[in-house]
Amino acid sequence: MITTSGLTKVYSSRGREITALDGVDLHVREGEVYGVIGQSGAGKSSLIRCINLLERPTSGTVVVDGQDLTALAGRGPRASRELRRARSRIGMVFQHFNLLSSRTVQDNVELPLEILGTSGKERSRKALELLDLVGLADKAKAYPAQLSGGQKQRVGIARALAGDPKVLLSDEATSALDPETTRSILQLLRDLNRQLGLTILLITHEMDVVKSICDSAALMEKGRIVESGTVGELLATPGSALAAALFPVSGDATGEDRTVLDITFRGESATQPVVSQLARTYNIDISILGAAIDTVGGLQIGRMRIELPGRYEDNVVPIGFLRERGLQIDVVGRTADRPALVKEGAK
Amino acid sequence: MNGAEFSEMWPLLSQACWDTLYMVGWSTLIAVVGGLPLGILLVLTDRGGLLQNVVANKVIGQLVNITRSMPFIILMVALMGFTRWVTGTTIGREAAIVPLAIGAIPFFARLVETAVREVDGGLVEAVQAMGGNTWTVVRKVLVPEALPSLISSTTTTIVALIGYTAMAGTVGAGGLGDIAVRYGYQRFDTQLMWITVGILAVVISAIQFAGDAAARALHRRAGRSGPGPRLRLPRTKEPEAADVSDVSKAA
């Protein structure tokens with residue numbers, strides 16, 4: 001539904017060049033919720049703005065719903081009629097909602113329809129229908145200043161849906177909201193994704209957002225996509241930084257000469273008594289440092305961090321035993337340095 | 001003051017009031033019609049603006065600065081040829097409206113520029129993302145969102161114009177300021193002067209009050225949608241300091 005290839009964006013100011021996007025290849029399938037996560041300055045914002053060409057990419061192409069938007073852009077700095085037409089079929093929601101304070105809620109939702117040239121009667125019918133969909137039918141005549149943050153974002157979502165888009169871009173839509181409201185907004189996005197078959201590309205710095213609604217995710221660092229795939233694929237990738245961040249287990253080795261393993265259970269393997277089997281077969285003492293079970297992207301996942309006596313070299317055989325059981329094993333501290341995903345505060 | 005004197009003064013004052021309102025009304029109207037697009041253009045053509053055009057921005061900016069740096073009385077003299085071309089005369093109320101309006105256009109344009117720059121750049125981006133063009137952005141975002149400030153700017157312009165009209169008396173345009181100058185300053189009729197000053201004070205207070213009330217009503221309805229990020233509308237000039245001096249210069 002959305003494909004970017006070789007997307008590059010270089011900002012130049014006062015002779016200095018800053019590469020915000022460095023050859024980004026992104027592929028978002030129809031009907032999925034795709035999350036791009038990264039720290040601020042990683043290029044997420046530039047990426048989402050390049051999708052509807054609010055920012056002109058320096059090079060590379062953007063194809064949305066089979067239409068090459070970069071080809072529509074034209075050469076001048078102003079958006080061509082075709083590009084504006086294409087933009088009206090891509091909804092966008094913003095971190096700071098960007099509602100017009102001088103218009104009522106209903107008039108805000110009608111704004112995209114005014115731009116499309118829809119008749120007055122049809123506009124108000126559609127706006128009320130959308131407000132009903134986002135659960136704000138009673139606030140149609142209110143002004144944005146009278147609403148809470150969560151309600152404002154619901155208006156923002158209703159407005160984004162006014163042009164019947166197939167694609168919704170979400171620019172940190174929940175970053176200015178409290179955790180409770182964040183959950184309800186994410187639930188709304190999830191419902192819209194299912195009910196309307198809406199493809200959603202969202203950018204966020206909150207791992208919880210990816211965890212709760214995304215089918216696929218990509219990790220961005222310094223303008224590049226470092227990892228990407230469906231959540232299931234990511235969790236099955238040994239050493240995946242995203243998987244580790246999506247589903248963290250903590251616990252440090254209790255001393256030197258210990259081997260720490262992260263065991264990931266999925267589906268069937270979760271029911272095997274592997275730890276006791278391991279202890280009995282090799283007659284070793286196993287400490288459990290941490291464990292958790294959670295649902296990530298609709299999958300039941302268990303993860304356990306255990307400690308075996310001896311260095312890695314001494315434990316090659318037991319690790320092989322676990323892998324034979326179909327478990328995913330990550331040896332902590334031996335994989336390439338994981339980029340730490342530190343949570344940052346809302347901008 | 002005895003009754004006879006007052007009955008002599010009254011027709012003079014009522015005619016002067018009417019002249020002032022006439023001149024201020026028309027020149028405000030023209031100033032708004034001319035200054036609003038000019039002020040918006042100053043923002044749009046600025047670096048990073050939607051219609052970025054450094055040359056046009058510099059030209060408009062300089063034009064505005066030059067007109068504003070001219071004392072009104074000099075402007076009036078300088079524009080005489082143009083005034084004659086427009087109105088067919090250089091004397092009287094109609095003739096005074098031309099320099100008044102031309103003096104007020106750049107004044108109002110700078111105020112518009114400041115007001116429009118205050119509009120959150122995120123709103124502009126949102127409308128662009130909906131497929132809106134620059135004209136849509138101006139019509140649906142910049143003007144309606146800046147409306148409370150634009151009303152305040154209009155009030156300031158009206159008050160400044162009332163000050164300018166005092167000098168319009170030199171071209172025989174009449175008006176309250178003219179009476180104060182002619183009777184009070186030139187004939188030492190301080191009583192009539194103070195009455196005119198009093199009337200002017202009342203008129204200006206009333207206009208300021210009405211303008212503030214209108215701006216406040218709009219502002220309160222809209223509330224403030226929080227300090228969003230101000231994208232692509234960077235501030236470069238400080239017109240406020242100049243505005244203050246302009247008002248004092250005119251008064």
Side-chain angles (χ1 to χ4, degrees), chain A residues 13 45 48-49 51-55 76-104 107-117 142-147 149 152 155-156 159-160 162-163 165 168-169 171-172 176 347, chain B residues 44-54 56-57 115-116 118-151 214-234:
Chain A
S13 69
S45 259
I48 204 157
R49 278 172 175 68
I51 303 289
N52 59 2
L53 266 74
L54 284 177
E55 299 272 10
R78 260 160 272 164
S80 67
R81 179 187 296 269
E82 292 78 22
L83 176 59
R84 283 187 274 113
R85 260 274 177 265
R87 274 180 186 163
S88 69
R89 290 190 294 267
I90 302 173
M92 191 166 187
V93 286
F94 303 87
Q95 180 176 6
H96 295 289
F97 327 123
N98 293 348
L99 302 177
L100 297 185
S101 61
S102 54
R103 286 173 168 240
T104 61
D107 289 347
N108 264 289
V109 178
E110 285 187 23
L111 182 56
L113 298 167
E114 287 172 27
I115 291 170
L116 286 172
Y143 283 91
Q146 298 163 306
L147 303 183
K152 283 181 195 170
V155 178
R159 180 178 70 176
L168 185 71
L169 305 176
D171 179 13
E172 300 268 10
K347 272 183 265 178
Chain B
L44 292 181
T45 56
D46 200 4
R47 205 177 292 280
L50 293 178
L51 300 174
Q52 179 174 329
N53 186 333
V54 181
N57 189 265
V116 170
E118 295 293 320
V119 175
D120 183 355
L123 301 178
V124 175
E125 198 173 52
V127 170
Q128 284 182 303
M130 290 169 202
N133 58 20
T134 306
W135 177 232
T136 316
V137 169
V138 170
R139 221 159 30 107
K140 309 271 183 190
V141 182
L142 298 183
V143 172
E145 288 292 309
L147 199 57
S149 304
L150 291 177
I151 287 176
R216 213 172 23 243
L218 278 176
H219 195 83
R220 196 179 301 137
R221 187 188 72 181
R224 280 289 96 175
S225 57
R230 293 212 180 118
L231 294 174
R232 61 180 68 215
L233 294 168

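This one's a predicted model, so the numbers in the text were calculated from it and none came from an experiment. All heavy atoms count here, side chains included; hydrogens, waters and symmetry mates do not. Proteins come first, then strands; the chains are lettered A, B, ... in the order of their sequence lines, and each starts at number 1.
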Exercise. Top residue by heavy-atom pair count (under 4.5 Å) with chain B, among L147(A), T104(A), I115(A)?
Worked result: I115(A)
Seminar exercise, completed: For P112(A) and R159(A) the tightest heavy-atom approach is CG-O, 3.4 Å
Problem set entry | Among R84(A), R85(A), R89(A), residue most engaged with chain B (heavy-atom pairs, under 4.5 Å) | R84(A)
Exercise. Backbone N or O of A115(B) within a donor-acceptor pair of the E118(B) side chain at under 3.5 Å?
Worked result: no
For this session: Decide, yes or no, whether a salt bridge links R139(B) with E114(A) under the criterion of side-chain N to carboxylate O below 4.0 Å.
Result: no
Exercise. Are V124(B) and L142(B) close enough that some pair of their side-chain heavy atoms sits under 4.5 Å apart?
Worked result: yes
Exercise. So what's closer than 4.5 Å to chain B heavy atoms on I90(A): side chain, backbone, both or neither?
Worked result: backbone
Problem set entry | Which of T136(B), V127(B), N133(B) touches chain A most, by non-hydrogen pairs under 4.5 Å | N133(B)
